[in-house]
Trainee: 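Here you go, one structure.
First the proteins, then the strands, lettered A, B, ... as listed; each starts at 1. Bear in mind that the values here come from a model prediction, so they are computed numbers and not experimental data.
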Amino acid sequence: MANEKIRNFCIIAHIDHGKSTLADRILEKTETVAVRDMEDQLLDNMDIERERGITIKARAVRLKYTALDGETYIFNLIDTPGHVDFNYEVSRSLAACEGAILVVDASQGIEAQTLANTYLAIEHDLEVVPVVNKIDLPSADPDRVCSEVENVIGIPAMDAPRISAKMGTNIEAVLEKIVTDIPAPKGDTKKPLKALIFDSYYDSYKGVIIYVRVKEGTVKVGDSIRLMATGAVFTVVEAGFMDASNLINSGSLEAGEVGYIAASIKSIGDTQVGDTVTNNDVPCDEPLPGYRKVNPMVFSGIYPADGAKYGDLREALEKLQLNDASLSFEPETSIALGFGFRCGFLGLLHMEIIQERLEREYNLDLITTAPSVIYKVTLTNGETVYIDNPSNYPDPALIQTAEEPMVKADILSPSEFVGNIMELCQDRRGIFKDMQYLDDTRVNLHYELPLNEIIYDFFDVLKSRTKGYASFDYEMLGYTPSKLVKLDILLNGDVVDALSFIIHTDKAYGRARKIAEKLKENIPRQLFEVPIQAAIGGKIIARETVKAMRKDVLAKCYGGDITRKKKLLEKQKEGKKRMRQLGTVEVPQEAFMSVLKLDS
Amino acid sequence: MNDLGIYIHVPFCGKKCGYCDFYSLKYSKDNADAYVQAVLRNLDYYGKPQTPVDTVYFGGGTPSLLSTDQLALIIERIQNRFSLEDNCEITLEANPSGLSPEKLKELRYTGINRLSIGVQSMTDSQLQFLGRSHSSARAEKAVLDAADAGFDNISCDLMLALPGQTMKDLEYSVSRFFSMPISHISAYILKIESGTPFDCGNIRSRLPDDELTAELYLHTVDILEQHGFFQYEVSNFAKPSFESRHNCRYWQCRDYLGIGPSAHSCCGGKRFAAESDLEKFISSHVQPVYVTDESPCGFEEYAMLRLRLRDGLDLRSAGEKRSMIEKKLPPLIKAGYIIFNNDIISLTPKGFLMSNSVIEYLIF
């Protein structure tokens, strides 16, 4: 295939700005998919993605387009994850492309994620093609948005196609821009194979399917390939591309092409995103730049509400991990919650998605503990330990220094909310770096924030304090020394391990009080009084009491009531199995969950 | 043969009270006559001449709507078909408005020796709210007339935790009770049964909260005991030796036979109930019944019922469960719910208020 007829591109857009709808229209206009086969928003094929309107895993689709110049072009549309948690995956998807369509909402303008991903695209030397979407909205102001793109990103935008993906308006202009503005891929088919893995997933028949962009050389069925980072060697069983819904085994892929390889790969752990595929017999000299192993940033304990479901939970996690190498888990035990798993996630959204999939797709009822980041603790004996579970936090007497991870955050918002945002960031121990005006009404605030301050509910609170207008993105900065303490929660005098967490000294008192209040709200009055205490070391810093219940249903009980009454008490007993019995205290699972969202 | 208590459910009322979920229909003479005939047939059917019967209880409904002759006929049939003991306790539930001096005098001759009068309150506004057809003055007169007629075992119902009820209201009703010649009081906390007219937000929102309800109950227990009415069960208070022997059967897991639509029985090793259908009851030779429990009176059930009594549960009856129960006692004792003395555990009034939870925690 002639490379000059290939266009590899992705779409960058903020949530709700219309990426999936535009992708659908492109699929329609290129007439590779019959309309009746299409579900709405074809590229997102997980339920959660659809409901949240976000894309979790990248996909690549090959399309044919006959342009106004009469030539037929091959489009490879690579779908990218839109969320900050999947930043690394985004960067790998971008590295597979020569161009990116930047979709901007004609009424809302640029958002933090779009900005971050656009900068990322520019860093990767991608040609950015701006497109102004939703021009059908009454509040659309394409001129303003175009000048915002020019001012903020510094690329010409006045001739950007103005479209409505929803109505199908002016989609051809976008397709022509792809042909005219996005460069064709380069690469020598004669050189040793060098292909970038930008996504992979587990197929129960074919094993792991890897999505690649071939940069140099050729790969074909029967070749022996090596994945350079892991060193694993496989024989290619299929090589080809994906149309709107099927894998098409074309037998080979050449430099410049985007497609898939199936090679009877059993473990997704072998196929790290960002790794380089080469020919095992004629290897390339060095891998493509930019590979790194993705490490979990946020950890939380996940327990089955019903202890008997432990095996089911393990099985479900194993299955999810087949498709998600960034999910990690290992068994852990809690006195309060029994047997469960310590799970590691890329970020808070990733955590929520996994929890939701476990509950929805595997029908599990879960209790999760407060998310924790990884703290770096240097002990008095000079040893350095990394703590992702508050239960393992060392005795303060043994700690020389404690450090916590920091992030660099961009917050884009209408300028009227700057005060609210600054207050929030201040409250979350943020360090103000600077503020840029994007135009007359919008600003970009730069902050450094401790990661543990944003993993609880930062995004929710940010949204509520900016009427939903602010957007937020972050990247990791590294560790900084901090005054950290471990806060324990006691019920009826006993520490509940699942409720312990690590926190900055200055925040401990306020957090302790809020948790005690939340627990009081969520632990029902019961047979015995329940003292709730929050403590650092042996020192109680907050307390509440759930008073004992005064009366339960005090019905008469004569001849006809006895069987009913007995059944009622049996049912009551059964109902309590949904509660966690800690000594004489019954704690509903909502109580464990309630401390996860303190400000909302 | 186990001795037996007989319960006759009389499913007629002059009018239905808004809080009541017992099976009961509007009274008509024809239905009442046919009903009585059916009761007699069932007594014939269930009758066992060797079986001692030491309690009979006419409940309802409003059993006092039956004529004296009808009641006499039923009692006579019991006498003929069972071995009715000489000192048998025969109770009639009655509305104050149905108890004229004449009727009371006649009732004496039927063998009925205990009246349970549905007084409920001595505050007229509350009686109106409850939909009762009597005033407090009428209730008082009925009690006095009953005593005049020779009844020395009179029980009155008292309802606690009515919408808007204050401690003062309650004290007032109770003090009026003390001035009357009664020997037994059943004091119930109003419970809104689902599907009754009282089951609506308007009434629920006006009920005293749990705190006040608990105070009303505990205060009632206090003053009743101070006046010689001893609490022998969660809701029942009696002067010495005036406890309801029939009701005690329920809480002691002893046998009882229920006749009439919706009446429950526990005898012959089963719990069963007659269908709540007057027409079927009248038209069937024997009342249609369904079994509610194939093997009643296991330890949990026994303990659940015994713990309603002030006499409590003898842990020697607990067998291997005893050690498990004893282990759970300390926090219950510390919280003041339970007293443990010489193998016997019994609930305190505070414990009665939480009896569902206490019993479930301890026994189930």
Side-chain angles (χ1 to χ4, degrees), chain A residues 306 336 490-496 520-533 543-588 591, chain B residues 5 7 9 22 57 59 160-161 186 188-189 191 193 209-215 217-218 233-236 246-247 249-251 253 256 258 262-266 271 273 292-293 296-298 300-301 304-305 308 328 331-332 334-335 337 350 352-361 363-364:
Chain A
D306 172 1
L490 296 81
L491 294 179
N492 202 21
D494 297 323
V495 173
V496 181
K520 186 182 177 181
E521 278 169 35
N522 283 278
I523 295 176
R525 289 178 72 169
Q526 46 198 276
L527 192 49
F528 304 109
E529 179 181 283
V530 183
I532 301 166
Q533 294 163 309
R543 75 177 77 219
E544 292 282 346
T545 303
V546 179
K547 284 206 229 155
M549 200 198 276
R550 284 308 298 279
K551 91 173 231 296
D552 49 24
V553 180
L554 190 69
K556 58 194 165 32
C557 183
Y558 295 115
D561 305 313
I562 293 165
T563 304
R564 201 172 356 143
K565 186 106 186 167
K566 188 173 75 170
K567 285 183 180 153
L568 179 102
L569 294 183
E570 283 166 353
K571 215 168 128 192
Q572 193 169 317
K573 189 81 180 181
E574 194 56 38
K576 291 204 174 147
K577 288 191 182 153
R578 287 183 51 78
M579 304 249 216
R580 296 286 158 163
Q581 187 83 41
L582 308 177
T584 58
V585 185
E586 283 150 1
V587 187
Chain B
Y7 175 79
H9 188 77
F22 287 110
Y57 196 102
L160 309 182
S186 294
Y188 302 104
I189 290 174
K191 179 173 174 254
E193 304 286 353
D209 63 11
D210 283 0
E211 288 296 323
L212 178 57
T213 302
E215 294 305 323
Y217 175 83
L218 293 176
E233 194 259 355
V234 176
S235 311
N236 286 285
H246 183 83
N247 287 340
R249 281 187 165 273
Y250 300 134
W251 306 316
C253 261
Y256 56 94
S262 86
H264 285 251
S265 303
C266 181
R271 289 193 190 280
T292 58
D293 194 345
C297 302
E300 279 87 2
E301 188 175 302
M304 166 188 99
L305 293 167
R308 295 187 69 88
K328 292 184 183 171
L332 290 169
K334 189 170 162 240
Y337 292 132
K350 190 181 166 195
F352 283 141
L353 272 169
M354 286 294 294
S355 58
N356 277 0
S357 298
V358 172
I359 293 169
E360 179 258 305
Y361 172 75
I363 306 293
F364 280 81

Trainee: What part of B:Ala335 gets closer than 4.5 Å to chain A, counting heavy atoms only: side chain, backbone, both or neither?
Mentor: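 Contact with chain A: side chain only.
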Trainee: Output the option from A:Met549, A:Arg564, A:Lys567, A:Arg525 having the highest count of non-hydrogen pairs under 4.5 Å with chain B.
Mentor: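 Between A:Met549, A:Arg564, A:Lys567, A:Arg525, the count favours A:Met549.
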Trainee: List the atom of A:Ala336, the atom of A:Arg580, and the distance in Å for their closest heavy-atom pair.
Mentor: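 Closest approach of A:Ala336 to A:Arg580, heavy atoms only: O-CD, 3.6 Å.
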Trainee: Where on B:Tyr57 is there a heavy atom nearer than 4.5 Å to chain A: the side chain, the backbone, both, or neither?
Mentor: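 Looking at B:Tyr57, nothing touches chain A.
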Trainee: Can you name the residues that form a side-chain hydrogen bond (donor to acceptor under 3.5 Å, both in side chains) with B:Lys350, not counting sequence neighbours?
Mentor: none
Trainee: Is a side-chain N or O of A:Lys520 found less than 3.5 angstrom from the main chain of A:Glu544, in a donor-acceptor match?
Mentor: no
Trainee: If we ignore angles and hydrogens, is there a donor and acceptor under 3.5 Å between the side chains of B:Ser357 and A:Asp552?
Mentor: yes
Trainee: Checking B:Lys328 against chain A: side chain, backbone, both or neither under 4.5 Å from a heavy atom?
Mentor: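 Side chain only.
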Trainee: Which one, B:Glu211, B:His246, B:Glu233, leads in non-hydrogen pairs under 4.5 Å with chain A?
Mentor: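 Most pairs with chain A among the choices: B:Glu211.
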Trainee: Run the ring-centre check on B:Tyr361 versus A:Phe528 and record whether the distance is less than 6.0 Å.
Mentor: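 B:Tyr361 vs A:Phe528: aromatic centres under 6.0 Å.
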Trainee: Can you tell which part of B:Glu300 gets under 4.5 Å to a heavy atom of chain A, answering side chain, backbone, both or neither?
Mentor: neither
Trainee: Name the member of A:Lys576, A:Gln526, A:Glu529 that forms the most heavy-atom pairs with chain B at distances under 4.5 Å.
Mentor: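 Among the listed options, the one with the most contacts to chain B is A:Lys576.
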Trainee: Please state whether the side chain, the backbone, both or neither of B:Leu218 comes within less than 4.5 Å of a heavy atom of chain A.
Mentor: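 Answer is side chain: those atoms of B:Leu218 sit under 4.5 Å from chain A.
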Trainee: Could you check B:Tyr256, B:Trp251, B:Tyr7 and say which one makes a ring pair (Phe, Tyr, Trp, His ring centres under 6.0 Å) with A:Tyr558?
Mentor: B:Trp251
Trainee: Between A:Glu570 and A:Gln572, is there a donor-acceptor pair closer than 3.5 Å when you use the side chain of the first and the backbone of the second?
Mentor: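 No, A:Glu570 side chain to A:Gln572 backbone: no donor-acceptor pair under 3.5 Å.
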Trainee: Is A:Lys547 close to chain B through its backbone or its side chain, or both, or neither, when contacts mean heavy atoms under 4.5 Å?
Mentor: neither
